[in-house]
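To start, the structure itself, in structure tokens.
Heads up: numbering here begins at 1 and tracks the sequence.
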Amino acid sequence: MTEAGGRAAQLKSSGLRHGWTTGACATAAATAAYTALLTGEFPDPVVITLPKGQQPAFALAVEELAGGRATAGVVKDAGDDPDVTHGALVRATVTAAAPGAGVVFRAGPGVGTVTKAGLPLPVGEPAINPVPRQMIRDAVAGVAAAHGGTGDVLVEVSVDHGEEIARSTWNPRLGILGGLSILGTTGIVVPYSCSAWIDSIRRGIDVARAAGRTHVAGCTGSTSEKVAVAVHGLPEDALLDMGDFAGAVLKYLKRHPVPRLTVAGGFAKLSKLAAGHLDLHSARSQVDKGYLAGLARQGGASPELADRVAAANTGLEAVQLCAAAGVPLGDLVAEGARATALGVLTGSPVAVDVICIDRAGAIVGRAAPAGPGVSR
């Protein structure tokens, strides 16, 4: 019988312990705090439901209930990932909001505020990303239904020493001021940054080859994996959780080829691959806005637009500026990423296509299959 593959098998084979995102911790804290606000009792441990249906339990480190407000706190466990927020205390304070307000978010101490465009949140908003916001909304709705609440609440998220921790992140450069971002798309921290995960990538390719797969996808995260499945209909054992390690996928496929590789990922990460970087981690490669401006000029951008791309806050802002002007920066980055991949794969019978997405999973760039056996 063929061994199971895909992301879950990669994590299992790596021998690494997964952890929880700040978004999952904030959701657990908000769930416990709202429950206490309605019932007078804190659930400990508190169970939440993650976007893919897992239901982890979190122990509470803080319980405070007085004066019409409830605060709960959860200590973040990042597992075996070298995450700067490992051990941070994530708090949520819940108070009643005006009828019909729904869930209103506020940045407490240690949580940043967005001050520049180009991020998935408007300027002035607390740096609580879209998926954690939805997780908290869903949790609040569940608590309200269970205990007779209205679901109209103010949720203030804070992180002890978050402003200090944020100095070790890219937040200040991105214009997220005052603290950390509350992040996560799955609620789970997958430990990428070590040799064990690279070994698991190799294991994933071995499993796909043993299953007779002729097409695999190397994806930078869960959102790009969903897009690759939607576009190509690939089975689980053809999906490689590439993360930041594009080079690990390409170098192993060069020695152990599969006829077709799809590279799928966020625009910013794949712009690094297009620029020739094989390690896409933010600590080891950065988005080169000057490079993107040069691509934009190749795509017909005016000098003024190219200057705006060079000065963009993020890669996402750069691609949005170009899209508004009809300049195909996303396609140009996808083509550059494909060229880098084919350069690594030289001499190996692997054709490559590339899909670039934005943070919401919308496709912003494509490069059609090219390589051995593909007519151009």
If you look at every heavy atom in Ala318 and Leu292, which pair is closest and at what distance?
CB-CD1, 4.1 Å
Is the backbone of Val333 close enough, under 3.5 Å, to the side chain of Ser271 for a donor and an acceptor to pair up by distance?
no
Specify the closest pair of heavy atoms between Ser224 and Thr220, including all atoms of both residues, with the distance to one decimal.
OG-N, 3.3 Å
Check against side chain to side chain contact (heavy atoms under 4.5 Å, CB included), Leu253 and Ser348
CA-CA 8 Å; Leu253 279 175; Ser348 189; over 6 Å; no
Looking at CG of Asn313 and OG1 of Thr115, how far apart are the two atoms once the value is rounded to the nearest 0.5 Å?
7.5 Å
May I ask you to say whether Lys269 pairs ionically with Asp244, meaning some side-chain N is under 4.0 Å from a carboxylate O?
yes
Group every Ile, Leu, Val, Met, Phe, Trp and Tyr by side-chain heavy-atom contacts under 4.5 Å, then state whether Val354 and Val231 land in the same group.
no
Between Arg209 and Pro257, is there a donor-acceptor pair closer than 3.5 Å when you use the side chain of the first and the backbone of the second?
yes
Apply side chain to side chain contact (heavy atoms under 4.5 Å, CB included) to Glu317 and Lys116, showing your working.
CA-CA 10 Å; Glu317 183 182 8; Lys116 291 183 179 180; over 6 Å; no
Joint cluster assignment, Val157 & Leu154, ILVMFWY side-chain distance < 4.5 Å:
no
Could you report the tightest heavy-atom contact between Ile357 and Val364, atom names first, then the distance?
C-CG2, 3.9 Å
Examine Ile136 and Leu37 and state if one hydrophobic cluster contains both, with Ile, Leu, Val, Met, Phe, Trp and Tyr joined whenever side-chain heavy atoms are less than 4.5 Å apart.
yes
Would Leu180 and Thr22 satisfy side chain to side chain contact (heavy atoms under 4.5 Å, CB included), going step by step from the backbone distance to the final call?
CA-CA 9 Å; Leu180 294 162; Thr22 48; 5.7 Å; no
So does Lys272 get a backbone contact from the side chain of His277, meaning a donor-acceptor N/O pair under 3.5 Å?
no
Within the distance-only criterion (no hydrogens, no angle test), does the side chain of Lys76 pair as donor or acceptor with the backbone N or O of Thr21 below 3.5 angstrom?
no
Hey, is the main chain of Leu50 close enough, under 3.5 Å, to the side chain of Gln54 for a donor-acceptor pair?
no
Using only atom types and a distance under 3.5 Å, with no angle test, would you say the side chain of Thr262 pairs donor to acceptor with the backbone of Ala217?
no
Hey, does the side chain of Ser181 reach the backbone of Leu183 with a donor-acceptor pair shorter than 3.5 angstrom?
no
Pairs meeting criterion ring-ring contact (aromatic ring centres under 6.0 Å, His included) with involvement of residues 37-79, two or more places apart
Trp20-Phe58
Given Tyr34 and Val155, is the side chain to side chain contact (heavy atoms under 4.5 Å, CB included) satisfied, shown in steps?
CA-CA 9 Å; Tyr34 190 35; Val155 177; over 6 Å; no
Pair up each side-chain donor or acceptor in residues 88-105 with any protein partner under 3.5 Å, not counting sequence neighbours, and list the distances.
unit_1	atom_1	unit_2	atom_2	d
Arg91	NE	Asp160	OD1	2.7
Arg91	NH2	Asp160	OD2	3.0
Thr93	OG1	Thr71	OG1	2.7

Rounded to the nearest 0.5 Å, how far does SG of Cys219 lie from CG of Asp241?
8.0 Å
Heavy-atom donor-acceptor pair, Asn129 side chain to Val131 backbone, under 3.5 Å
no
Nearest heavy-atom pair of Thr346 and Gly343: which atoms, and what distance?
OG1-O, 2.8 Å
Closest heavy-atom contact between Ser168 and Val84?
CB-CG1, 4.3 Å
Once rounded to the nearest 0.5 Å, what's the spacing between atom CG of Asn171 and atom CD1 of Ile176?
4.0 Å
What are the two closest non-hydrogen atoms of Asp44 and Ala59, and how far apart are they?
OD1-CA, 3.5 Å
Could you grab the distance from atom NE2 of His147 to atom OG1 of Thr35, nearest 0.5 Å is fine?
5.0 Å
Is a donor on one side and an acceptor on the other found under 3.5 Å between the side chain of Asp353 and the backbone of Ala367?
no
Would you mind reporting whether Met135 and Pro51 have side-chain heavy atoms less than 4.5 Å apart?
yes
Main-chain N/O of Leu273 paired with Thr340 side-chain donor or acceptor, under 3.5 Å
yes
Give the other cluster members for Leu177, using side-chain heavy-atom distances under 4.5 Å between Ile, Leu, Val, Met, Phe, Trp and Tyr residues; answer none if it is isolated.
none
Look up atom CZ in Arg106 and atom CD in Glu156, then write down how far apart they are to the nearest 0.5 Å.
5.5 Å
What is the distance from atom CD of Glu63 to atom CD of Glu41, rounded to the nearest 0.5 Å?
9.0 Å
